[in-house]
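Each chain gets a letter, A, B and so on, in the order its sequence line appears, and its residues count up from 1.
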Amino acid sequence: MPEAVKFYPYDFDYKVEGDLVYVYLYGKSENGTRVCVKHQHKPYFFALIAGADKEVITKKLKELNLETRDGVAKVVSWEEVEKEYLGKKKTFWKIYVNFPKAVPFISKELESGGIECYEKDILFVHRYLRDTGITPTALVQATGEYVTSNPFNQFRVPLFIADKVTPLSKESLSQWKLLAVDIETYAERKEILPEKNPILMIGLYGIDEQGKEFSKVLAWKEFPHELEYVEILADEREMLQRFRELLLDYQPDILTGYFSDGFDLPYINIRAQKNKVRMDLGIDGSDLYAGSKAELREAESRIKGIVHVDVLKFVRNIFGKNLKIDSFSLDDVAGELLGHKKHVVNLDVLPEIWNKTPEKLAPYAAYCHHDAKLALLLCQKLLFDMMEFSKIIGLPMFDVIRMRFSRLVENYILTRAMEYNVLAPNRPGGESMDERREESIEGGFVFEPTPGLYKDIVVFDFRSLYPTIITSHNIGPEGFRCECCQEQPHVPEKEDYWFCSREKKFLPTVLGQLIERRAEMKKLVKEMKARGENTQMLESRSYALKILANSFYGYLGFFGARWYCLECAASTTAYARNYIRTTMGKAEAKGFRVIYADTDSCFVLLGEQKLDDALNFMHEVNASLPGQMELEFENYYPRGIFVAQKGSEKGAKKRYALISKDGKLKITGFETVRRNWSLIGKEVQQQVLRLVLNDKTEEALQYVRETIKELRKGTIPIAKVILKTQITKDLREYAAVGPHVAAAQRLLQRGVKVLPGTVVEYVITKGTGLIRDRVKLPDELKEGEYDAEYYVSHQLMPAVSSIFGVFGYGEEDVFKESSQTGLGKFW
DNA sequence: CGAGCCCGGGG
DNA sequence: GTGTACGGGCTCG
């Protein structure tokens with residue numbers, strides 16, 4: 001008797017069973033029961049038969065029998081279909097084959113006979129999701145029956161065979177069970193060698209649907225501790241077995257970790273093999289699949305039926321773009337997103353402690369536990385965002401969080417393409433990719449500012465400029481140089497470029513939807529916030545939509561893109577340059593002086609006019625803009641400073657500072673944020689900017705002179721004069737011994753190994769000769785021993801001279817103690 | 001200055 | 001898994 005199952009599928013896989021192919025949908029129902037639903041689907045691709053003799057082709061398709069590693073590849077059936085290809089309707093043959101991997105074989109065979117084939121590299125699970133309209137993590141209903149008696153059924157959850165699976169709603173699974181894993185390994189001199197060195201500890205941290213915690217740290221050496229989560233096993237093998245058991249018992253929906261794709265899971269896999277422990281963690285009884293030994297770097301690790309989330313991948317590829325962090329280390333990312341840092345322990349001595357003084361192991365167990373917890377909290381925090389990307393793009397979370405922008409955009413377009421009956425162009429081959437790599441286009445327009453301190457600055461910028469240009473001008477490969485619109489206006493600066501103005505084309509249409517949906521989201525968020533409701537999910541969605549929309553322009557010019565169109569990318573920036581120039585012209589015509597412009601923003605001076613006049617100007621501009629384009633009021637700044645290029649009268653691009661009404665500094669392009677600057681340099685630059693923007697130039701000058709005096713007196717704390725530079729290779733390989741190399745050598749003399757990647761800290765001290773000979777490590781230094789003159793000329797001067805230059809002060813005026821020439825009025 | 005190399009994260 | 005590599009920084013020629 002047929003039954004129905006409602007559930008949220010979150011992981012997907014397929015298996016070939018005889019002549020049939022089944023997709024396996026893993027997920028769980030609202031009441032928390034897990035289920036796996038199998039559903040048959042047919043693999044296929046498309047071919048352009050056009051001029052060829054149909055009978056010959058038919059005969060060929062019938063006779064095709066290709067021996068492959070996975071069986072004999074055959075064509076099962078075919079049908080004629082009409083699809084839109086790059087804006088044109090054409091007839092294609094949809095060719096069904098007997099198993100997914102037969103597709104590349106069969107299509108290659110046809111192509112060698114001169115038949116063009118399409119969509120032959122769409123992953124089968126992706127194909128299935130797009131064909132059925134199933135959205136990962138959103139509710140679906142399957143009808144069919146449970147598999148009750150199957151001797152080969154290895155499934156760890158009930159298995160249901162469906163004859164039909166239909167999407168029910170867009171609502172996502174909200175109750176997830178998460179488990180994070182983190183391992184500590186035996187690593188002498190920071191060497192990570194899974195073939196040789198054992199895992200010492202495995203940390204697990206879980207949170208279930210009710211928010212209940214689960215904690216465990218496994219180790220295989222006794223040590224005194226008061227940690228309730230520590231469990232000691234006899235050896236590594238037993239520890240691995242216990243890990244397997246715990247994971248199978250816990251049954252998480254998501255297994256997470258930090259760089260677990262390339263470290264924890266592959267390491268566990270290799271150690272399990274060494275110890276002859278089977279890591280059959282899959283819900284279908286299959287083994288943990290982890291990156292191969294040789295290439296751990298870009299590895300992906302997978303457990304069937306469980307979503308493995310490597311938080312690093314998502315943060316590095318997608319989420320981290322807006323984060324102001326130095327690195328994507330767990331410490332930095334957790335610090336930024338959670339406000340928690342890692343525990344501080346010395347891992348260099350862990351092997352020694354393990355061997356000789358295990359009584360000191362407790363802090364390492366706590367460290368391991370804490371790392372797992374951080375990974376889990378990050379995963380939990382980012383889960384909404386990951387789900388939203390997965391839903392908008394229509395592909396599994398596992399895949400989506402591992403994609404970079406170009407793939408993200410492409411897969412969004414591909415999902416929409418299936419909805420619009422559009423046939424996807426093929427990816428470029430090797431040669432055409434190389435050609436594409438060579439090409440480049442002109443970017444945005446930057447108006448060179450005149451150096452100076454300005455007051456009453458209003459900044460306007462175009463909201464999502466590139467995306468809105470693409471949608472408003474119908475930019476895309478389909479409408480490029482269409483036959484019907486040759487007489488219509490062409491792209492600015494590009495006399496022989498034009499786009500269809502009669503019919504909205506596919507690419508700008510699907511981009512336009514992103515922009516519209518984002519506008520709706522933002523409106524909703526505003527309303528909900530006003531009612532005090534939780535908007536996290538909508539904000540995640542809004543963020544996902546924004547990132548996708550902003551990546552379209554880059555995608556059009558990306559060499560690996562299916563919908564590659566360099567003319568489209570070039571047209572987008574050409575329109576942008578035109579719009580910003582036109583806007584500048586209109587502002588000038590209204591009596592506003594334009595002092596700066598960059599790509600999508602325009603800085604004007606109010607002069608004698610009021611803010612309202614500027615806003616009216618903006619409204620007038622907006623009335624003339626097409627489609628979704630819009631000029632927005634960014635902010636009003638009472639003061640702003642634009643400095644000159646080094647050693648020139650010309651204004652520097654992308655280097656300015658503004659102060660808003662509430663006193664907030666907005667600094668662009670100055671060094672204040674760079675890591676290889678001393679604190680004193682950063683501090684002085686910030687303070688000088690703040691003072692001059694408050695019309696206190698004189699004070700700024702005094703302040704710098706005062707700081708110089710203090711430096712010379714030696715009263716600036718050592719912490720403020722420390723310089724940091726990264727060592728990037730083996731010390732012996734350095735041909736030129738710079739100060740950072742000299743510092744590393746000093747560390748080496750003390751017996752501290754300096755491996756590439758180490759950030760060395762050092763101070764320049766007094767003396768004569770080369771700078772590198774005057775390097776000392778911070779803890780070797782007596783207070784005041786640093787070389788004041790070095791810091792004055794190498795840190796302070798470069799940090800502020802361009803700022804004072806705006807007011808007519810040369811470096812001498814600021815830095816020569818006794819120099820009061822000409823500008824003595826400030827003393 | 002351009003092409004090539006190495007690295008990211010992890011212990 | 002119908003997949004194969006991205007982009008930035010540094011160094012050397």
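A centroid separation of 6.0 Å or more is found between the aromatic rings of F12(A) and Y14(A). Aromatic ring centres of Y553(A) and Y466(A): separated by under 6.0 Å.
Considering only side-chain N and O atoms, K342(A) lies under 4.0 angstrom from the phosphate OP1 or OP2 of dG11(B).
The stretch residues 36-47 of chain A touches DNA chain C through Y44(A), each having a heavy atom within less than 4.0 Å of the strand. Within residues 396-408 of chain A, the residues that place at least one heavy atom under 4.0 Å from DNA chain C are, in residue-number order, R404(A), R407(A). Applying a 4.0 Å cut-off to non-hydrogen atoms, the residues of residues 365-375 of chain A that approach DNA chain B are Y367(A), D371(A), listed by residue number.
Between the P atom of dG10(B) and the CG atom of D264(A) lies a distance of 10 Å, rounded to the nearest Å. One interatomic measurement links the two molecules: CG of L347(A) to P of dG10(B), which rounds to 10 Å at whole-angstrom precision. Summarising the geometry, the separation between OH on Y555(A) and P on dG7(C) is reported as 14 Å, rounded to the nearest angstrom. The CZ-P distance, from R436(A) to dA5(C), rounds to 14 Å in whole Å. When rounded to the nearest whole Å, the span between CG of D182(A) and P of dG9(B) equals 16 Å. We find that CZ of F328(A) is positioned 12 Å from C1' of dG8(C), with the value rounded to whole Å. Residue R316(A) contributes atom CZ, which lies 10 Å from atom C1' of dG7(C) at whole-angstrom precision. Atom-to-atom, CD of E300(A) to C1' of dC6(C) comes out at 13 Å; the value is rounded to the nearest Å.
Taking the side-chain contact (heavy atoms from CB on, under 4.5 Å) definition, one finds that T132(A) meets it with Y128(A), I134(A), sequence neighbours left out. When the side-chain hydrogen bond (donor to acceptor under 3.5 Å, both in side chains) test is applied to H41(A), the partners found at least two apart in sequence or on another chain are D131(A). Listed by chain and residue number, E439(A), I441(A), Y564(A) satisfy the side-chain contact (heavy atoms from CB on, under 4.5 Å) test with L566(A) (two or more places apart in sequence, or in another chain). Partners of P198(A) according to the side-chain contact (heavy atoms from CB on, under 4.5 Å) rule, which considers only residues two or more places apart in sequence or in another chain, are Y186(A), L200(A), W220(A), E236(A), R271(A). Under the side-chain hydrogen bond (donor to acceptor under 3.5 Å, both in side chains) criterion, D310(A) pairs with no residue at all, not counting sequence neighbours. Legend: residues meeting side-chain contact (heavy atoms from CB on, under 4.5 Å) with I232(A), ordered by chain and number and at least two apart, are A219(A), E222(A), F223(A), V230(A). Among residues two or more places apart in sequence or in another chain, the side-chain hydrogen bond (donor to acceptor under 3.5 Å, both in side chains) test is passed with R562(A) by D121(A), E410(A).
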Can F263(A) and F259(A) be said to form a ring-ring contact (aromatic ring centres under 6.0 Å, His included), step by step?
CA-CA 6 Å; F263(A) 180 68; F259(A) 197 36; 7.1 Å; no
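Within 4.0 Å (heavy atoms only), F124(A) reaches at least one base atom of the nucleic acid. The residue L330(A) sits close only to the backbone: its heavy atoms come under 4.0 Å of sugar-phosphate atoms, none of a base. Note on I183(A): only backbone sugar-phosphate atoms sit closer than 4.0 angstrom, heavy atoms only; bases stay farther off. Note on P100(A): a base of the nucleic acid sits closer than 4.0 angstrom, heavy atoms only. Among the heavy atoms of the strands, none lies under 4.0 Å from F99(A).
Judged by distance alone with a 3.5 Å cut-off, a donor-acceptor contact links the side chain of D348(A) to the base of dG11(B).
Of the candidate nucleotides dG7(C), dG11(B), dG10(B), dG10(B) has the atom nearest to the side chain of F259(A). Comparing dC6(C), dG11(B), dG10(B) by their closest approach to the side chain of F559(A) singles out dC6(C). The side chain of A187(A) lies closest to dG11(B) when the candidates are dG10(B), dT4(C), dG11(B). In this structure, of dG9(B), dG11(B), dC6(C), it is dC6(C) that holds the atom nearest to the side chain of R437(A).
With salt bridges taken as basic N to acidic carboxylate O contacts below 4.0 Å, one links E195(A) and K274(A).
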Please list every donor-acceptor pair under 3.5 Å in which a side-chain atom of residues 92-100 of chain A meets a protein atom from a residue at least two apart or in another chain.
{"unit_1": "K94(A)", "atom_1": "NZ", "unit_2": "Y96(A)", "atom_2": "OH", "d": "3.2"}
{"unit_1": "Y96(A)", "atom_1": "OH", "unit_2": "E79(A)", "atom_2": "OE2", "d": "2.8"}
{"unit_1": "N98(A)", "atom_1": "OD1", "unit_2": "K74(A)", "atom_2": "N", "d": "2.9"}
{"unit_1": "N98(A)", "atom_1": "ND2", "unit_2": "V72(A)", "atom_2": "O", "d": "2.7"}

Quick one: side chains of residues 368-376 of chain A, donor-acceptor pairs under 3.5 Å with protein atoms, not counting sequence neighbours, listed by atom name and distance.
{"unit_1": "H369(A)", "atom_1": "NE2", "unit_2": "S215(A)", "atom_2": "OG", "d": "2.8"}
{"unit_1": "H370(A)", "atom_1": "NE2", "unit_2": "K341(A)", "atom_2": "O", "d": "2.9"}
{"unit_1": "D371(A)", "atom_1": "OD2", "unit_2": "K342(A)", "atom_2": "NZ", "d": "3.0"}

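Annotation: dG9(B) and dG9(C) have their P atoms spaced 13 Å apart (nearest Å). Look at the C1' atom in both dA5(C) and dC5(B): the space between them is 15 Å, to the nearest Å.
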